[in-house]
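Residues: numbered from 1 along the sequence shown. This one's a predicted model, so the numbers in the text were calculated from it and none came from an experiment.
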Amino acid sequence: MLSGDEDQQQLLPDELSDVNATVSDNDGDGYDDIAPLGRKIAFAVGAFGSMSTHTAVGFFLAPFLLEVAGVTPYLVSICTLFGRVWDAVTDPAVGLLVAKTRTRWGCLKPWIAGATIPGALSFFAIFVVVDAPLASKGAYYIFMYLIYQMVFSCYQVPYTSLTMHISKNPKQRDQATAIRMIVETIALLCGSVVISFVVNAFAATEGPGTCRPCDTDDDDLSLDVSTGFTEHHYDQGQANGYLVGMGVVAAISVICGFVVSFFVPEMKNMYPPIPEGTLKSLKEIKNNKTYIILTTMFMWAWMANNVNQANNLLWLKYGFRRDQEFQYFLLTFICTTTCMLPVWLKLMAKYGKPRCFAVGLCIQLPYALVQLFLPEDTPSYLLHIGVASSSIGVGAVYLIPWAMLPDVIDEAELLKGERKDSVYYSFFVFFQKFGSGIAISLSTLALQFANFKSSLCCGEEQPPAVRQTLMYLSTVVPICLVLLSLFFTRFYTLGNERVKEIKHLLGIKRAKKKHAAPKRMGVEEQGRTLLDEEENENTDEVDYDSDGTEVTKV
């Protein structure tokens, strides 16, 4: 443990009073900058479009491609892997381009406005059923998903940076962030629950589309010689539901993007710092053991949640015949997770973040284990109880690692003497997205080996291996990933006492730095004054008489 006694002894009481006065003066900067409520609301509205589209893609991409678009699990796994990894790569690239942008409208808002319409169009295009050969169809969805992820980064990176332009007052920025969290919760409901209602409503109203006869082999499905591609039979009602639901979300996202562009001002003289190079940033974090442990434990836990999210609809359908109730299970999940966030905030302040994170992981294990033994006719209310119990722990995974990251950055600042938030946050997000991309793609690829059929004949069921595979993907795989996260959590050392000690030592260090600067400046000014006086004493003074002749005075 580090001790702060030597640092404390280097500051005398008189110096501490001067330091406190300096800190209080500096803290007052910007506190008179009160942001109007309309500006905060306009900023928060911008999160609705990105959050709702991103949520819809996370929940519905795999089910849509597999069961409506007729794409094989192999191609879906490639699509999700390429998309997630591409998303992770484009974030730092966009951050660098945004930092170098200079226009009369600022460096952030041109990117936000420019990405709004392409983002909505690419999002909508993902959920359009394409009649084409399987290879061309797979290439289309992979390409559109990559475009969407790239444009999403072009919008999200400058949008989050716009927080600093709301006000110079930190409390005003916190209020804007709180309003944004409320809007994001509404967007989460819209991007998952509302779309599920719309899809099921269209499926029930219009009914299923045509299906192929069961006496037709999979290799000879209505091959059209003139076009060269196999006819795919799908649920037309579901397809129309996806078009309507995603179209409405896309249109709303355009409106939200332009609200931010036109009603949230950007400080023209305030530019984000240019990020460091990738290799230099990697050197910065590779020797930080605490950061590596935190990133690893969060990545495993996040992968577990993403595997569940990607396969949840399919597991409800083929595991319990409850796909028509998917929206209600989503509502249970979202409401429980949201309501538990303030509870976890209080618990981690009292018992410590690592301990609460470990408890949150353990809470998810019982329901995942129980699902191994639940029959297909399990009552819905029991499933809701299981989802609610597991969602209690999910809230800890969503919240606590992001609250632990600033503690790790504080420790790095204390040890190295400099603070590089952008480096630590960027790689934290990179490994989060990279890990989730691998987990989702591998889980979807497992359905290929289970002989999952994207085009069922009339009355045909999926092979028994599909239900068994989905059961393992929803139970055994998340359990293993959670246990891996728990294993690394035991090596995380920043408990409450250690965090308090770090903050205390950082406060002394920063105060000394603020106090030393004025004192050094005073000595320099005093030295310059003495030199000027000495020069004046030894320099002859020149004057002029009435006729302009120089007269020297000693």
Handout entry: From CA spacing to verdict: side chain to side chain contact (heavy atoms under 4.5 Å, CB included), L494, M404
Key = CA-CA 8 Å; L494 296 187; M404 299 164 78; over 6 Å; no
Exercise for the section: Not counting sequence neighbours, which residues clear ring-ring contact (aromatic ring centres under 6.0 Å, His included) with Y398? List them please. Expected result: W302
Practice task
Determine, using ring centers only, whether F197 and Y328 are less than 6.0 Å apart.
Solution key: yes
Handout entry: F487/W300 aromatic ring centres below 6.0 Å
Key = no
Practice task
Work out which heavy atom in S261 is nearest to a heavy atom in G257; give both atom names and the distance.
Solution key: OG-O, 2.9 Å
Exercise for the section: Taking the six-membered ring for Trp and the full ring for Phe, Tyr or His, determine whether the centres of F298 and F357 are under 6.0 Å apart. Expected result: no
Practice task
Dump the intermediate steps for side chain to side chain contact (heavy atoms under 4.5 Å, CB included) on T55 and M51, then the final yes or no.
Solution key: CA-CA 6 Å; T55 301; M51 186 65 177; 4.1 Å; yes
Practice task
Evaluate the ring planes of Y159 and Y155, with Trp represented by its six-membered ring, and classify them as parallel (under 30°), tilted (30 to 60°) or perpendicular (over 60°).
Solution key: parallel
Completion exercise
For W344 and I392, the nearest pair of non-hydrogen atoms, with its separation, is NE1-O, 2.8 Å
Problem - Shortest non-hydrogen contact between I363 and G393, atoms and distance - result: CG2-N, 3.8 Å
Exercise for the section: Examine the side chains of Y242 and Q238 and answer whether a donor and an acceptor come within less than 3.5 Å of each other. Expected result: no
Exercise for the section: Compare all side-chain heavy atoms of N306 with those of R84 and state whether any distance is below 4.5 angstrom. Expected result: yes
Exercise for the section: Could you tell me whether the side chains of Y145 and S122 share a donor-acceptor contact shorter than 3.5 Å? Expected result: no
